[in-house]
Every structure is written in C-alpha cells, then in structure tokens.
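As structure tokens, the structure follows; a few thoughts come after it.
This structure is a prediction, so every number in the text was calculated from the model and none was measured.
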Amino acid sequence: MNVIAAVYLLMICSVRGFQQNPSITSTRRQILQTSNQHSSRTRQTSLFSSTQTNDSEPKNKRRSNEQYSKKKKRRRELGGKELKNPDEVITWRCYGIDVYPDDLGPSLDIDKRKEKRDGSNIPSERSYLTPPVISSLLSRLRIKSSEEATDGLPPILKDARVVRRSLDARRRKGSDPKYTYVIDIDLTRQAARNLGLTQQSGKMEIVDNKKLIGHVDDIASNLEDSKAKPRIIIVGAGPAGLFCALSLASSGMCTPILLERGQPVEGRGKSIGALIHRRNVDPESNFSFGEGGAGTWSDGKLTTRIGRNSESVRYVLETLVKYGAPERILVEGAPHLGTDNMVRLLRNMREDLRNLGGEIHFGTKASKYLIEDGKISGVEAECVEVIERTKSNPTDSEARKHESSKTFYGDAVVLATGHSARDVYEELYKSGVELEPKGFAVGFRIEHPQWLINEIQYGRDWGGRVFTKRPSTDAVNTEHFERLSEDTGKSHQGNLPVASYRLATDKAFDGKHNRGAYSFCMCPGGQIVPSSTEEGELCINGMSFSNRDSLWANSALVVTVAQDDPILDKYRSHGCLAGLEFQRDIERKAYQLGGMNMTVPVQRLTDYVNGVVSSSIPASSYRLGAVSAPLHEIYPKPLYNALSHAITEHFEKQMPGFLFEDALLHGVETRTSSPLRLVRNQTTLQAGGVENLYPAGEGAGFAGGIVSAAVDGLVVAKAVKAKFLTVDGGDGDAFKSSKSIGFDY
C-alpha cells in the first residue's frame, strides 16, 4: 500500500467519531500493521547504512570492522576453493624481515665460510640464515617454533634463502640500527593456504623460478671451423668489454678479439707503483686504463640503478662469484668487491676467456678506425711491451714484446672504452661517427675521519661497535667513542660495518638557478688516488680495499652541468666535445695549483664555503702530498655558489656534523661520467651512420658503474649475435636489445 495513502487514512481514523465504527476500526488495524512493517524495514535499512557512513563513529573502529570482514571473506575463500596442485612447491619472497645487531651478536662473520657436517661449504644465502633471522621470519609468518625443525626451519617450510640484506641506520627518535632481510621461502600451495599467505607488492610475493639466463660456461657451439666464425673486435677490457667478450666466446660460434691499451693487472700494478713513488704518469697504464678499467683500482662498487633484483644484474653478480668474487655480493644490499678482490677475479676471467677461444691483446691502443662507405671493417693499433703473469710462469711476470703497430680486421667492432679515453672521442669525431653532448657533473673529493662518519650515521651509542679487523684503525675508533661512552650510558654487543652516506639535492642555488648536487662513489675506509691519464693534468678518484679499513672516508661532491650550460659557451668552438674540453681545462688548473708535480690542492670544507684559503690542513690519505690552495676559485662562479649552497643549506641539514672543520676538499673530481654519448640505434644498437660499430658501456654514455656497464656489454653481445649468428647463444630473452641500459647522471 502506498505510504502516503496509509498516512492519509490514519489521519482520518484519528477522528473520534470514526473510532466507534467497527468496520472502520478493522480497516485502521490493517493499515497500522502494514505501516509498522514498512517502518521496521526502513529502520533496518537506515541502521545498516549508518554503520557504513556515520561520521560520528570512530574511523579506526570502522576500519577495523572492514579489515575483519576482508579477512573473514579471505579465509572463507581459501577454505572453500579446491586447490589443483596442493603439493606443488612454490617460492614466496618475504620483504622487511628485521633483525637488530644486538640479536645477531658480535661473532657473526659472514666472510668466513661455514661448513656442513660433511665438510662441504654452506652457500652464502644460507650462511646469513642465523637463528635470530629465522626467528624474525617465523614471527612474520605467524609460525610457532617447532622441536622437529630441520636447520632451524619448521617442517612446513621446505627451504629458506636470504636474497638480500641491508643495514637501515636511519636515525629515528629512540631507534637502533637494524638489518633488513629479503628472504625466499619454499612451501607447498596447501601450506601457503594454511598460513593465509596473500600476494602484497613489496611485502609478500610469489617468485617465478624459471631461470632465464645460462652461465657463461654453457657453450652451445655447433661450428667446428674457427675460421668460419665471425671475428668481433672489442676495444676496451673494462666491465662492458669483458662481459661482451665472455658472452660471445661462450656461444662458441664467434671469436672475440679483445684489445686493451693498458696492461694486465700485474703490469698495471707496477705502473701505478711508479706513479705513487716516482710521480711518473704512464698515459696508457694507470688508475684509469688497463685490465678491468677504472673500477679495478676503485672501491669496486656493485650498486646500480637498473634493478638490484633483475635477472641481468643477478647474472652479472653470479658470474663475478664464479670467477672469484666473495659470495656475499649476492646477498648484501650495497655490495662491493675492493681492489684486492678485483685483481684475482680479473686473472680468472682472462684465463677462461682464452680457454673459450677468445683473444686478448694488452698494450694495444686503437689509433684509427677503418670506416669506409659507412661501414667499419677493423682498427689500426699501436702496440707496446706487455708484462703479464702466464700459466707457464705463474709465480713471476714476464715481458712480452709485440709489433709496434698492427691492423685488426673483423666483422664488427664493439667500442667499450671508458670515459677517460678522450683520444677515442676525438678520432671518432674526425671519422664522422655521430656524437651528441650530454649532461655531466664536476666537483671535488671530500674526506672526513671515518670515526666522524660512524658517529653521524650510527650515533654515539652505536659508533663504537664498528670494527674493520685492522687493529690501528679500530683502536682510533674505539678510543674516540670510549671518551663519549659516559654520555650515552648504553652498551651494545652487535657489530656494524664502517658507515657510509649518500647526499643529494636538486635545489643547489647558483645565484640564478637551481642545480643538482650530490655525493658520488662514496668510499668508506678508503683513500684518494690520482686518476690522471695525461701529463700536465690532475684529477682524482676514491678507492677502498675489501676490508675498508683506512682511517678516512671519502666521497665525490659534485654539481651538475647541462649540455647547454652557459659555463660551456667559451668551449663551443669544439662542437660536441665542449664538455670534454671544459674537463681538461679544470684538470690543468688543478695541476698548476698543486705545484705541477701531482701534489693535490686541498682546502678545509669550512674555509671553502667561506671563500678563504686554509692556513693549515689536516692529514690526508692522498699519498703524493697535499698543499693548501684556493679551490673556491677553480670552477666558474655558478658552480662554486651551487656547491657551497648545497653544503651549508642541504648536506649539513641531512647529516648534522658534515660541515666539519677537519673535513678536507681535494681537487678535482671531473670524470664522474662521460660528457658526451655516441648515438646508438635503439633496435640494432649500432652507432649512428656506421654499420657494424657497436658503442657499449660507460664511455659510450650508456652506463654508470661496474654492473650497469657489464649489463650493457651483454646487451650489445646479444645484438651482435642476433645479426651474425642464427642461434640465440644461450642468453634467452633476459637482455632486451630494444632499449639501452644505463642512465644519465
């Protein structure tokens, strides 16, 4: 019955005279009954709606009700839906498993390989799976500890592996540093259902275990005649060149010919010794040129911005382990090799590449590229004596002489030179190869006492728990924090690694505009070294050994320079090489400020921002000597303004104490990245305008660091095989040639 009609009749029935009429009273009773039923339904609907929309109800209560309903619904779905393969084992990746250093204890030493009862080594990813880590994992999964556990794992878990471990030392009020783990667990589909596991991005995810990439020793050769194999010339034995050569050689279907202007690591070590002790710069063998590239005598950082968990990055790390790198690089969130590990690793790579049929020619500098009718056919090279330790004479190095010059012909040329090979750019520019300028960054190296960085990053109560295993360094750190221990009143048992940092801002004001400014290639427990490649120029870099056990921490502090930057206007006559000439000009000024003998010009950080020359300077790790100089005058005014503003208004606020009186700026850091890029077709990866020329790696402008350069070398190798071979070569679909790998600074 219509509600309005019912109300109208009720009004009529309310008249006293009508109440005496029996028939009308009966009709009124029916109307009231119908109206009450409708009102009851209306109240129920209204009450239900109010639980969903009533703003007066606390939000946290409404949220709790909603979450409970979702959980209840999920449990009902899990229990009601029949699994197709309940016993199938799948892998789940668990993120954010936190463990505090005190729980791990002081004796944790992952570098020392643990052994099983049968004497075999425990893999690194299992070595990190200690009882405190397992306990935190089980807590996350809401699994109670079991007496029937195998290796600490309850029966419901078939296996567990640590994928990555990183240290979170961010200073929050009242919080301690903590290690954060990413752990893969294997369990059946039924077990996952029983635990109520659901996919949540960045928290809990199912992992696809299909292996997309084969190792470099998975050879798929079906050509017996080596003369029929394509000959691929690779210029440069840095990460891009080495990984490209290994990939090509592993296919078994082409012959890589690797040309390196510098010496192998044993001969390169002698060249560096002559530089440090006699100040003699060998332009072909130094901290920048030689086997392994600039990364050999550096910190050996393996961090990258192209995806830490990507298949390509994982492949590079596994390959490095195969040739002698410590297994911890597969797990640590910020892995590094150190120069000492790089030397051993590179020797093993060299031997394996030759065993796979590749050629390596050290002391061989490409001087001319044979380009005719838009197609490259080879290179002309200048050759010098090589000092190399061979298998026939493993205990001592022997000198081997080459012809003074030689021409190498091949089906293709991979150009994998580093960004310090300026003569290569100039030769390519003359040959008509397409180059384009790109942004880069320049600045200085800043050096602090390592104990100061430990204190800033970890605080006074944790900084004293940093140990490097070098007694003299640890004594300095311990003594400093013992003087502060009375202030904190706290004691800890867990150990921490030497502290590092990363600083950045895009609001470094240069007087007119904002620029980017950031720290780069931070080397905790490291030293500053000369990276010059020509007489009359001085540039520097940072390096660390694997233990990172020196008294100092250093990092580049740099400011961005755009390709159309007004400060490059005076160099425009050099065309796309303007940025390169700017770098050279600054390095010449630094050489002169240092006294023209490889001594480094320095300035206290506090004096730099105030624009005054330091009257005294603290000790420095730079072994060729330091001299006070006006570094605030070496760069154009906009760059000085921007860096000073970044230090005082941003970096000091990000890291209180960074603007320290004994912090020492060293000049200059100019080679953070290449100032230009070789134009490269995104599909074929060949150089613009030159067929069969493949630019690769950092020097070509397509990478920025050891890992990204190695990945780019693999990408280029895949493109070469796609053109010259009829098989894939074992790399699967992991390395896509449709887009370049790497990034701009």
Side-chain angles (χ1 to χ4, degrees), residues 232-236 238 240-241 244 259 261 365-381 408-440 561-565 568-569 571-584 671-704 708-709 711-713 715-720 722-724 736-745:
I232 312 299
I233 300 170
I234 302 169
V235 182
C244 181
L259 310 182
R261 68 193 297 168
K365 174 184 174 181
S367 56
K368 185 177 181 180
Y369 298 86
L370 306 179
I371 302 173
E372 187 174 354
D373 297 329
K375 187 175 183 179
I376 192 167
S377 59
V379 299
E380 292 181 0
F408 294 85
Y409 293 98
D411 297 276
V413 175
V414 176
L415 193 64
T417 57
H419 58 65
S420 289
R422 293 167 174 168
D423 55 323
V424 173
Y425 297 131
E426 292 166 343
E427 177 61 28
L428 294 173
Y429 187 59
K430 294 176 184 177
S431 301
V433 177
E434 292 184 36
L435 306 172
E436 60 183 11
K438 73 177 188 67
F440 58 101
V561 179
Q563 58 263 38
D564 58 350
D565 204 302
L568 299 179
D569 288 347
Y571 307 96
R572 297 295 179 195
S573 60
H574 296 277
C576 64
L577 304 179
L580 187 150
E581 288 301 320
F582 169 74
Q583 290 177 329
R584 269 185 171 150
R671 304 186 189 184
T672 59
S673 64
S674 172
L676 48 80
R677 178 190 292 113
L678 277 74
V679 176
R680 188 166 84 174
N681 184 287
Q682 289 192 349
T683 302
T684 67
L685 301 192
Q686 297 181 52
V690 182
E691 187 180 356
N692 296 337
L693 177 61
Y694 294 83
E698 192 167 348
F702 295 97
S708 61
V711 171
D712 197 55
V715 172
V716 168
K718 183 173 178 65
V720 171
K723 178 172 182 178
F724 292 97
K736 304 295 184 183
S737 60
S738 59
K739 61 180 180 179
S740 63
I741 301 296
F743 56 92
D744 294 337
Y745 285 97

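- In this structure, I376 CD1 and L370 CG are separated by 7.0 Å, a value rounded to the nearest 0.5 Å.
- The distance from atom OG of S377 to atom CG of L693, rounded to the nearest 0.5 Å, is 11.5 Å.
- Residue K723 qualifies as enclosed at atom NZ: its count of foreign heavy atoms under 6.0 Å is above 12.
- Considering OH of Y694 and CD1 of I233, their distance stands at 13.5 Å, rounded to 0.5 Å.
- For residues 414-428, every residue pair satisfying the salt bridge (Lys or Arg N to Asp or Glu O under 4.0 Å) rule, not counting sequence neighbours, is listed here: R261-D423, K365-D423, R422-E537, R422-E587, E426-R584.
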Worked verdict on S673 versus K438 for side chain to side chain contact (heavy atoms under 4.5 Å, CB included)
CA-CA 10 Å; S673 64; K438 73 177 188 67; 3.9 Å; yes
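- Judged purely by atom type and a 3.5 angstrom limit, K375 has no side-chain atom pairing as donor or acceptor with the backbone of N692.
- Between A240 and G697, the closest heavy-atom pair is CB-CA, 3.7 Å.
- One finds the CZ atom of R680 at 9.0 Å from the CD atom of Q682 (value rounded to the nearest 0.5 Å).
- Within the model, atoms CZ of R677 and OH of Y425 stand 11.0 Å from one another, a figure rounded to the nearest 0.5 Å.
- Nearest approach of A719 to L685, heavy atoms of both residues: CB-CD1, 3.8 Å.
- Residues F440 and Q583 share a closest heavy-atom pair of CD1-NE2, 3.9 Å.
- Judged purely by atom type and a 3.5 angstrom limit, Y369 has no side-chain atom pairing as donor or acceptor with the backbone of V424.
- With sequence neighbours excluded, the residues that form a ring pair (Phe, Tyr, Trp, His ring centres under 6.0 Å) with F408 are H361.
- Ion pairing between E698 and R671 fails under the 4.0 Å rule for side-chain N and carboxylate O.
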I would like to know whether L415 and L428 meet side chain to side chain contact (heavy atoms under 4.5 Å, CB included); could you show each step before the answer?
CA-CA 11 Å; L415 193 64; L428 294 173; 3.2 Å; yes
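- Nearest heavy-atom pair, P675 versus L580, reported as atom, atom and distance to 0.1 Å: CG-N, 3.8 Å.
- In this pair, Y571 and F582 present their aromatic rings perpendicular. The plane angle is above 60°, beyond the 30 to 60° band.
- The backbone N or O of G236 sits nowhere less than 3.5 Å from a side-chain atom of T417 that would complete a donor-acceptor pair.
- Annotation for L676 and C576: closest pair CD2-O, 3.6 Å, computed over non-hydrogen atoms.
- Residue E691 holds its CD atom at 11.0 Å from CG of D373, rounded to the nearest 0.5 Å.
- Of all non-hydrogen atoms in A696 and V414, the two that sit nearest each other are CB-CG1, 4.1 Å.
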